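The residues of the chain are indexed from 1 along the displayed sequence. Scope of the values below: all heavy atoms of this structure, side chains included, with no hydrogens, waters or symmetry mates. Predicted model only: the values in this text are computed from it and were never measured.
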Amino acid sequence: MSTAFDSLARELNSAPPTRKIRQMLERTDLPADVKALLFELADITVTVGGKILAIGRKLLDFALSLLRAFPGIALGIIVAYVLAGVIDAIPLLGKLLRRIMGPLLLAMGIAMGALKDFTADDFRARVDGFIDAFRALTEA
């Protein structure tokens with residue numbers, strides 16, 4: 001195996017253990033159905049070249065770290081979806097207004113959250129590093 005693949009395998013398997021991820025998710029106020037889906041995601045593994053890669057745990061670890069690093073963007077997205085749901089509940093015109101206003105609210109929520117999180121400028125570098133780690137699979 002190539003050193004790039006070995007490096008990727010170490011990176012993927014450096015995610016917190018399933019037990020720790022479950023504890024983090026249990027402390028959230030997410031509905032039980034959502035937690036169950038995330039628990040299943042955490043258990044996803046892939047065997048490549050005789051090595052077991054904990055892809056699900058790494059994805060959840062990365063997503064949770066983004067939520068911790070950029071809480072403003074996450075909150076902006078949540079508020080936008082809640083407002084879009086309220087608009088959807090308006091009788092007669094709600095469905096039409098949601099189609100128009102939903103994307104605008106989402107864009108506005110993301111933009112306002114990003115402005116709040118603007119001081120954390122390492123977002124792009126973190127995402128690029130995460131994606132580059134997976135590129136090693138195509139080269140192996």
Minimum heavy-atom distance between [X] and [Y], given as atom pair plus value:
X	Y	value
Ala84	Gly102	CB-CA, 4.3 Å
Lys35	Leu25	CE-O, 3.3 Å
Arg57	Ala15	NH1-O, 3.5 Å
Leu105	Ala80	O-CB, 3.3 Å
Asn13	Ile52	ND2-O, 3.0 Å
Leu60	Leu38	CD1-O, 3.2 Å

Would Tyr81 end up clustered with Leu66 when hydrophobic side chains under 4.5 Å apart are linked, directly or stepwise? yes
Rounded to the nearest 0.5 Å, how far does [atom2] of [Y] lie from [atom1] of [X]?
X	Y	atom1	atom2	result
Ile90	Arg98	CD1	CZ	11.5 Å
Met101	Asp88	CE	CG	13.0 Å
Leu106	Ile77	CG	CD1	6.0 Å
Thr47	Leu53	OG1	CG	7.5 Å

Just wondering, are more than 12 heavy atoms of other shown residues or ligands nearer than 6.0 Å to CE in Met24?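 Count over threshold, so yes.
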Is it the case that atom CG in Leu92 sees more than 12 heavy atoms from other parts of the structure closer than 6.0 Å?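 Not buried by this count: 12 neighbours or fewer within 6.0 Å.
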Could you tell me which residues satisfy ring-ring contact (aromatic ring centres under 6.0 Å, His included) with Phe39, sequence neighbours excluded, listed by chain and number? none
Determine yes or no for a side-chain-to-main-chain donor-acceptor pair under 3.5 angstrom, with Asp61 supplying the side chain and Ile21 the backbone.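 Not confirmed, Asp61 side chain does not pair with Ile21 backbone.
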With heavy-atom distances below 4.5 Å as the criterion, would you say the side chains of Met108 and Val79 are in contact?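 Heavy-atom side-chain distance check fails, nothing below 4.5 Å.
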Would you check if Ile44 and Leu59 make a side-chain contact, meaning some heavy-atom pair closer than 4.5 Å? no
